[in-house]
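Below: the structure, in structure tokens.
The figures here come from the full heavy-atom set of this structure, side chains too, leaving out hydrogens, waters and symmetry mates.
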Amino acid sequence: ETQEMVLDAHIMSFAYFGGVPKRMVYDNLKTVVDAIFVGKERQFNRRFLALANHYLFEPVACTPESGWEKGQVGNVREWLFTPTPKFQDFAELNAWLALRCQELANRKNPQQTSRTIADCFNEEQSLLNPVKAEFDGYVEKTLRVSSTCLVRVDHNRYSVPAEWANRVVSVRITANRLRIVAEGHVIAEHPRCFGRDQLICDPWHYLPILEKKPGALRHGVPFQEWELPVSIGVVRDRLLKQDKGDRAFVELLLMARALGNAGLDYLEVACDLTLQTG
């Protein structure tokens, strides 16, 4: 229950409900409440308050050890997770949860048994505040990039452009992505990886190193499993069989990078034509 997951849960919930309640009740979780004072007084977490201010809702904390204030948490857990479902990944789980919520909404309303929960909600939905803009639900950490152009986040390593080796950057972590920021600009972005001791590399980050050491193309970890388009891969394999072929292929990559985001597409076409003409 890390803070970026709690922020993401709010963002997804407001999108699902099509609006934002005016008040929301919390069970004093540490990612929301920093300190509990007398009565209902709380010191809420600053990042959580940024979310609340963005969506204009009032957070209210439960009284400690007062289970009757917490709604139907136990019921929802039982309805959704008994028996325990199994999925390949979080995307599959989230899709199933959305479908299951729709199914549960067609049950009878416990107070108005002649109507479904969905019918009653449709009546109340207009009372929600509209979502005018989505909150950027990241949690930020300041980290030093290693000499091998990597930052470590949650027991996994992610690559950073080589020019930032041994320098300090900001890492903005969301539920499903990492953005690495330096001098006010996003210098790298990766899908978030769950698990431990995994290496997530973008080979383009290491291109400046290849300029100086083209031999790393043959044995460097970032390049060994680089999934290039087929025609580029064929040209690479043929060049690497030639004397100084690694340097020749690095020059092709440098030209592709100079053409911007579409550079790899241009290089693929060029390699296709080269192979066709022999």
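Val230 and Leu253 fall within a single hydrophobic cluster, where Ile, Leu, Val, Met, Phe, Trp and Tyr are joined by side-chain heavy atoms under 4.5 Å apart, directly or via other members. By the criterion of side-chain heavy atoms lying less than 4.5 angstrom apart, applied directly or through intervening Ile, Leu, Val, Met, Phe, Trp or Tyr residues, Trp79 is not grouped with Ile117; the two fall into different hydrophobic clusters. A single hydrophobic cluster is not seen to contain both Tyr138 and Met5; linkage of ILVMFWY side chains at heavy-atom distances under 4.5 Å, directly or through other members, places them apart. Note on Leu252: it does not cluster hydrophobically with Val269, by side-chain heavy-atom contacts below 4.5 Å among ILVMFWY residues. Following chains of ILVMFWY side-chain contacts shorter than 4.5 Å, one cannot reach Leu259 starting from Leu207, and the two form parts of different hydrophobic clusters.
Using a 4.5 Å heavy-atom cutoff, the side chains of Phe37 and Gln43 are in contact. In this structure, the side chains of Leu267 and Ser231 stay at 4.5 Å or more apart for every pair of heavy atoms. When side chains are defined from C-beta on, Cys149 does not count as touching His205, because their heavy atoms never get closer than 4.5 Å. Cys101 places none of its side-chain heavy atoms less than 4.5 Å from the side chain of Leu104. In this structure, the side chains of Gln3 and Asn45 come closer than 4.5 Å at one or more pairs of heavy atoms. With contacts defined as side-chain heavy-atom distances shorter than 4.5 Å, the pair Trp226/Cys201 does not qualify. Inter-residue side-chain proximity for Ser159 and His190 is flagged as met; some heavy-atom pair is nearer than 4.5 Å. Residues Leu264 and Pro229 form a side-chain contact, since some pair of their non-hydrogen atoms from C-beta on lies under 4.5 Å apart.
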| Can you check side chain to side chain contact (heavy atoms under 4.5 Å, CB included) on Trp96 and Glu92, steps first, answer last? | CA-CA 6 Å; Trp96 178 83; Glu92 189 179 328; 5.9 Å; no
| query | Between Arg177 and Glu189, is a salt bridge (charged side-chain N to carboxylate O under 4.0 Å, His left out) present by the stated rule, with each step listed? | reply | CA-CA 7 Å; Arg177 295 199 73 76; Glu189 191 167 354; 2.8 Å; yes
| message | Quick one, Asp34 with Arg42, criterion side chain to side chain contact (heavy atoms under 4.5 Å, CB included). Give me CA distance, side-chain angles, the key distance, then yes/no. | response | CA-CA 8 Å; Asp34 284 343; Arg42 301 289 186 274; over 6 Å; no
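Side chain of Thr142 to backbone of Ser170: no donor-acceptor contact under 3.5 angstrom is found. Under the 3.5 Å distance criterion, the side-chain polar atoms of Asn176 are left unmatched by any main-chain donor or acceptor of Pro191. Between the side chain of Thr148 and the backbone N or O of Leu150, no donor-acceptor pair lies under 3.5 Å. Judged purely by atom type and a 3.5 angstrom limit, Asn122 uses its side chain to pair as donor or acceptor with the backbone of Ala118. With hydrogens and angles ignored, the 3.5 Å screen pairs no side-chain donor or acceptor of Glu123 with any backbone N or O of Asp119. Formation of a donor-acceptor pair under 3.5 Å by the Asn156 side chain with backbone atoms of Asp197 is found in this model.
Considering only residues two or more places apart in sequence or on other chains, Tyr266 meets the ring pair (Phe, Tyr, Trp, His ring centres under 6.0 Å) condition with none of them. Shown here are the side chain to side chain donor-acceptor pair (under 3.5 Å) partners of Arg236, two or more places apart in sequence or in another chain: there are none. Under the rule for a ring pair (Phe, Tyr, Trp, His ring centres under 6.0 Å), Phe81 has no partner lying at least two apart in sequence or in another chain. Looking at residues two or more places apart in sequence or on another chain, you find no side chain to side chain donor-acceptor pair (under 3.5 Å) involving Ser13. Not counting sequence neighbours, Arg144 has no partner by the side chain to side chain donor-acceptor pair (under 3.5 Å) test. Legend: residues meeting ring pair (Phe, Tyr, Trp, His ring centres under 6.0 Å) with Tyr16, ordered by chain and number and at least two apart, are absent. Listed by chain and number, the residues in a salt bridge (Lys or Arg N to Asp or Glu O under 4.0 Å) with Arg179 are Asp136 (sequence neighbours excluded). By the side chain to side chain donor-acceptor pair (under 3.5 Å) test, Arg100 is found to be paired with Glu103, residues two or more places apart in sequence or in another chain being considered.
The distance from atom CG of Asn53 to atom CZ of Arg46, rounded to the nearest 0.5 Å, is 11.5 Å. Atom CG in Leu240 sits 5.0 Å away from atom CZ in Arg218 (nearest 0.5 Å). In this structure, the separation between OG on Ser114 and CD on Gln112 is 6.5 Å, given to the nearest 0.5 Å. A distance of 11.0 Å separates CZ in Arg107 from CG in Asn109, rounded to the nearest 0.5 Å.
Counting all heavy atoms, side chain and backbone alike, Glu4 lies closest to Ala175 at CG-N, 4.2 Å. The two residues Val250 and Pro214 come nearest to each other via the heavy atoms CG2-CB, 4.0 Å. Of all heavy-atom pairs spanning Asn28 and Cys62, the tightest one is ND2-O, 2.9 Å. Scanning both residues, Thr116 and Asn106, for their nearest heavy atoms gives CG2-O, 3.6 Å.
Under the 6.0 Å cut-off for aromatic ring centres, His54 and His10 do not qualify, their centroids lying 6.0 Å or more apart.
More than 12 heavy atoms of other residues, nucleotides or ligands lie within 6.0 Å of CD in Glu58, so this atom counts as buried by the packing criterion. Atom CZ of Phe90 sits in a sparse spot, with 12 or fewer heavy atoms from other residues, nucleotides or ligands closer than 6.0 Å. The environment of NZ in Lys22 is crowded: more than 12 heavy-atom neighbours from other residues, nucleotides or ligands sit within 6.0 Å. Other residues, nucleotides and ligands contribute at most 12 non-hydrogen atoms within 6.0 Å of the CZ atom of Arg238.
Counting only residues at least two apart or in different chains, salt bridge (charged side-chain N to carboxylate O under 4.0 Å, His left out) contacts with residues 147-168 comprise Asp154-Arg192, Arg167-Glu183. Applying the side chain to side chain donor-acceptor pair (under 3.5 Å) rule to pairs touching residues 242-264 yields nothing, sequence neighbours excluded.
Leu49 belongs to a hydrophobic cluster whose remaining members, ordered by chain and number, are Val6, Leu7, Ile11, Phe14, Val20, Met24, Tyr26, Leu29, Val32, Val33, Ile36, Phe44, Phe48, Leu51, Tyr55, Phe57, Val131, Phe135, Val139; membership requires side-chain heavy atoms of ILVMFWY residues under 4.5 Å apart, directly or through intermediates. Through chains of ILVMFWY side-chain contacts below 4.5 Å, Tyr158 is grouped with Leu143, Val145, Val151, Val153, Val160, Trp164, Val169, Val171, Ile173, Leu178, Ile180, Ile187, Ile200.
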